[in-house]
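Below you'll find the structure, written out as C-alpha cells, and then a few comments.
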Amino acid sequence: MTAGVGERARHTFVPHHARGASLARTHLLSGLRAAGVDAELAGDAVMVVSELVGNAARHARALRDTLIEVSWSVLPDRVQVAVIDGGSAETPTLRSADWDAVDGRGLQIVAALASRWGVQTEDGRRRVWAELVAATDAGRLAI
C-alpha cells in the first residue's frame, strides 16, 4: 500500500484479475479501520470497491503491468473511493438485470450504497469513483 496525499488518502495496486477484488477489500478495510471510519460505512465502501474492481477485471483493460489502481480518501464527512483501469470500448452505465441473471448488478449495488458516483476517462485511463456518507442514529456523520 502506498501513501497518497495526506494521512487519510491512500492508494494501492491490485492484479487485473478476480482475486484483485479480494486484495482491494483487504487493503481498503485495513485503511478505513485505521482512519476510524464507522464499521457500517467501511463495509459499504468495501462492497463498492469490490464491485468496481470486479467490473474493471471483467470489462476493462489493465493499467501497465496488468494492474488496477484503487484509491480512497477519508474526509471529515465522507469516504471517497476510486478504481482506475486502462479503459474499454464501453463506458460503465447503470443497467437493469433480469431477475435470474447471474451478473449485471454491480453498478446497481454501487448506486444503492453511494451518495453519488461517476466515470472519468483521460489519457486512456478510466476512473470510476464513488462517495459514501453515513449518518448515525443521532443524525451525526459516522466519521
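Computed from a predicted model, the values in this text were never measured in an experiment.
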For the atom pair [atom1] ([X]) and [atom2] ([Y]), what is the distance rounded to the nearest 0.5 Å?
| X | Y | atom1 | atom2 | result |
| --- | --- | --- | --- | --- |
| E40 | L113 | CD | CG | 9.5 Å |
| L28 | R10 | CG | CZ | 12.0 Å |
| I68 | T12 | CD1 | OG1 | 11.5 Å |
| T66 | F13 | OG1 | CZ | 11.5 Å |

For [X] and [Y], which heavy atoms make the closest approach, and how far apart are they?
| X | Y | answer |
| --- | --- | --- |
| V74 | A35 | CG2-CB, 3.9 Å |
| L23 | P15 | CD1-CD, 3.5 Å |
| A24 | V14 | N-CG1, 3.7 Å |

Residues that A34 engages under side-chain contact (heavy atoms from CB on, under 4.5 Å), provided they are two or more places apart: none
Counterpart residues, side-chain contact (heavy atoms from CB on, under 4.5 Å), relative to T121 (two or more places apart): V119, R126
Steps toward side-chain contact (heavy atoms from CB on, under 4.5 Å) verdict (R95, L107): CA-CA 8 Å; R95 61 182 177 156; L107 287 179; over 6 Å; no
Review item, side-chain donor-acceptor pairs of residues 44-65, under 3.5 Å, at least two apart:
from : atom 1 : to  : atom 2 : distance (Å)
S50  : OG     : R25 : NH1    : 2.8
R61  : NE     : G86 : O      : 3.4
R61  : NH2    : G86 : O      : 3.3

Restricting to salt bridge (charged side-chain N to carboxylate O under 4.0 Å, His left out), what partner residues turn up for [X], sequence neighbours left out?
| X | result |
| --- | --- |
| R127 | none |
| R116 | E131 |
| R33 | none |

Stepwise side-chain contact (heavy atoms from CB on, under 4.5 Å) test for D77 and V133: CA-CA 7 Å; D77 62 344; V133 178; 5.5 Å; no
Positive for side-chain contact (heavy atoms from CB on, under 4.5 Å) with L132, one of V37, V81, V110: V81
Heavy-atom donor-acceptor pair, D98 side chain to D100 backbone, under 3.5 Å: no
Neighbour count >12 (heavy atoms, 6.0 Å) for atom CZ, R19: no
Hphob cluster co-occupancy, W117 + L41, side-chain heavy atoms under 4.5 angstrom: yes
Min side-chain heavy-atom separation W129-Q80 under 4.5 Å: no
Worked check of side-chain contact (heavy atoms from CB on, under 4.5 Å) between H11 and W72: CA-CA 6 Å; H11 71 108; W72 62 93; 5.8 Å; no
